Chemist: 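My questions all concern the structure below.
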Amino acid sequence: MTAKIAYDEVEVGTELPAQSFPVTRATLVRYAGASGDFNPIHWNEKFAVGVGLPDVIAHGMFTMAEAIRVVTDWAGDPAAVVEYGVRFTKPVVVPDDTGALIEVAAKVAAKLDDGLVRVDLTATSAGQKVLGMSRAVVRLA
C-alpha cells in the first residue's frame with residue numbers, strides 16, 4: 001500500500017478531517033490485555049485515586065495511538081507515517097459512568113523534500129490538551 005494523498009495536491013495549512021475517539025473502562029482493559037500494561041491506574045479507580053490521580057487514566061501509548069489515526073486515515077496507509085512523536089502533557093481521565101472522549105485535529109505544517117510532509121496534531125480531552133509537540137512525518141504519493 002502507499003499513501004492515497006498526492007504530495008503535489010497538499011499545501012501547508014491543509015487541515016485533516018478531525019476525529020473524536022470515545023474511551024471507556026472496557027476499552028482500557030482491552031488495551032491492557034493487548035499491550036501487557038496492567039498497571040492498576042488504568043483500570044482500578046480506588047488504586048488510581050489512592051496514588052493521587054483524579055480517577056482511572058488512559059494509557060499514554062493508547063492516547064498516542066488514537067491520535068495518529070487521524071493521520072493514517074487521511075493518508076490511506078499506516079506505513080506512510082515514517083516518524084511520529086509526542087509529549088504527554090495531561091492524562092486522559094476516564095470516569096466509569098461516562099468514559100472520555102479524545103478529540104484530535106491535525107494540519108500540514110510543512111512540506112519537506114522527497115514527498116514528505118510534517119503534520120502537527122492537537123489532541124484534547126475534557127477541554128485539556130493531552131498531547132504536546134505531537135508531530136508526524138508522512139510520505140505522500
Side-chain angles (χ1 to χ4, degrees), residues 1-7 9-141:
M1 285 174 59
T2 60
K4 296 178 180 170
I5 304 295
Y7 178 83
E9 296 174 7
V10 173
E11 300 297 329
V12 171
T14 298
E15 293 187 12
L16 284 60
Q19 294 187 52
S20 297
F21 304 99
V23 185
T24 65
R25 296 274 178 94
T27 307
L28 299 181
V29 170
R30 285 192 299 275
Y31 181 82
S35 69
D37 181 353
F38 292 101
N39 187 325
I41 65 172
H42 302 304
W43 54 270
N44 183 315
E45 183 176 341
K46 183 177 179 181
F47 185 88
V49 171
V51 298
L53 294 168
D55 206 328
V56 164
I57 62 170
H59 304 73
M61 296 302 284
F62 172 81
T63 303
M64 188 177 175
E66 290 291 81
I68 197 65
R69 288 175 55 190
V70 168
V71 178
T72 59
D73 288 354
W74 171 73
D77 180 7
V81 176
V82 297
E83 186 178 316
Y84 178 45
V86 305
R87 293 179 95 188
F88 301 106
T89 57
K90 298 271 185 197
V92 175
V93 178
V94 184
D96 189 35
D97 56 346
T98 60
L101 193 64
I102 301 170
E103 298 175 279
V104 184
K107 68 178 177 180
V108 175
K111 290 185 81 169
L112 310 171
D113 295 331
D114 299 323
L116 298 172
V117 296
R118 190 186 89 218
V119 176
D120 291 352
L121 297 91
T122 302
T124 61
S125 183
Q128 301 266 341
K129 190 173 180 181
V130 295
L131 298 177
M133 304 269 306
S134 185
R135 297 180 176 161
V137 175
V138 183
R139 183 173 310 283
L140 299 180

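As the structure is a prediction and not an experimental result, all values here were calculated from the model. Numbering of residues begins at 1 and proceeds along the displayed sequence.
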Chemist: How close do Glu45 and Asp96 get, counting heavy atoms only, and between which atoms?
Modeler: OE1-CB, 4.4 Å

Chemist: Of all the heavy-atom pairs spanning Met133 and Arg87, show the shortest one and how long it is.
Modeler: CG-CD, 3.5 Å

Chemist: Quick one: pull up CG in Asp97 and CG in Asp55 and give me the separation to the nearest 0.5 Å.
Modeler: 8.5 Å

Chemist: Over all heavy atoms of both residues, which pair between Val119 and Ala106 is shortest? Give the atoms and the distance, please.
Modeler: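 Looks like CG1-CB, 3.8 Å.
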
Chemist: Quick one: closest heavy-atom pair of Ala136 and Tyr84, and the distance?
Modeler: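 Here Ala136 and Tyr84 meet closest at CB-CD1, 4.0 Å.
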
Chemist: Do any side-chain atoms of residues 63-74 form donor-acceptor pairs under 3.5 angstrom with protein atoms, and if so which ones, sequence neighbours left out?
Modeler:
| from | atom 1 | to | atom 2 | distance (Å) |
| --- | --- | --- | --- | --- |
| Thr63 | OG1 | His59 | O | 3.2 |
| Glu66 | OE1 | Arg69 | NH1 | 3.0 |
| Glu66 | OE2 | Arg69 | NH1 | 3.4 |
| Thr72 | OG1 | Arg69 | O | 3.3 |
| Asp73 | OD2 | Gln19 | NE2 | 3.0 |

Chemist: At their closest point, which heavy atom of Gly99 faces which heavy atom of Val94, and how far apart are they?
Modeler: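 Where Gly99 meets Val94 most closely, the heavy atoms are CA-CG1, 4.0 Å.
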
Chemist: Between Trp43 (side chain only) and Leu28 (backbone N and O only), is there a donor and an acceptor less than 3.5 Å apart?
Modeler: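 No: the side chain of Trp43 does not pair with the backbone of Leu28.
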
Chemist: Would a distance-only check, ignoring hydrogens and angles, find a side-chain to backbone donor-acceptor pair under 3.5 Å from Thr2 to Ala141?
Modeler: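 Judged by distance alone, no pair lies under 3.5 Å.
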
Chemist: Any chance you could lay out the side chain to side chain contact (heavy atoms under 4.5 Å, CB included) test for Ile57 and His42, step after step, and finish with the verdict?
Modeler: CA-CA 5 Å; Ile57 62 170; His42 302 304; 4.0 Å; yes

Chemist: Measuring only between side-chain heavy atoms, which start at C-beta, is Val23 closer than 4.5 Å to Phe62?
Modeler: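 Side chain of Val23 against side chain of Phe62, heavy atoms only: contact under 4.5 Å found.
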
Chemist: Backbone N or O of Gly127 within a donor-acceptor pair of the Thr124 side chain at under 3.5 Å?
Modeler: no

Chemist: Side-chain atoms of residues 109-117: list all donor-acceptor pairs with protein atoms under 3.5 Å, sequence neighbours left out, distances to 0.1 Å.
Modeler:
| from | atom 1 | to | atom 2 | distance (Å) |
| --- | --- | --- | --- | --- |
| Lys111 | NZ | Tyr7 | O | 3.0 |
| Lys111 | NZ | Val10 | O | 2.7 |

Chemist: Any side-chain heavy atom of Ile41 sitting closer than 4.5 Å to one from Leu53?
Modeler: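 They are in contact (side-chain heavy atoms under 4.5 Å apart), so the answer is yes.
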
Chemist: In Å and rounded to the nearest 0.5 Å, what is the NZ to OG1 distance from Lys107 to Thr14?
Modeler: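 If I round to the nearest 0.5 Å, the distance is 10.5 Å.
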
Chemist: Show your reasoning for whether side chain to side chain contact (heavy atoms under 4.5 Å, CB included) applies to Leu101 and Phe21.
Modeler: CA-CA 6 Å; Leu101 193 64; Phe21 304 99; 5.7 Å; no

Chemist: Would you name the heavy atoms of Val86 and Ser134 that are closest together and state the gap between them?
Modeler: CG1-OG, 3.3 Å

Chemist: Which distance, rounded to the nearest 0.5 Å, do you find between the CG of Asp77 and the CD1 of Ile5?
Modeler: 11.5 Å

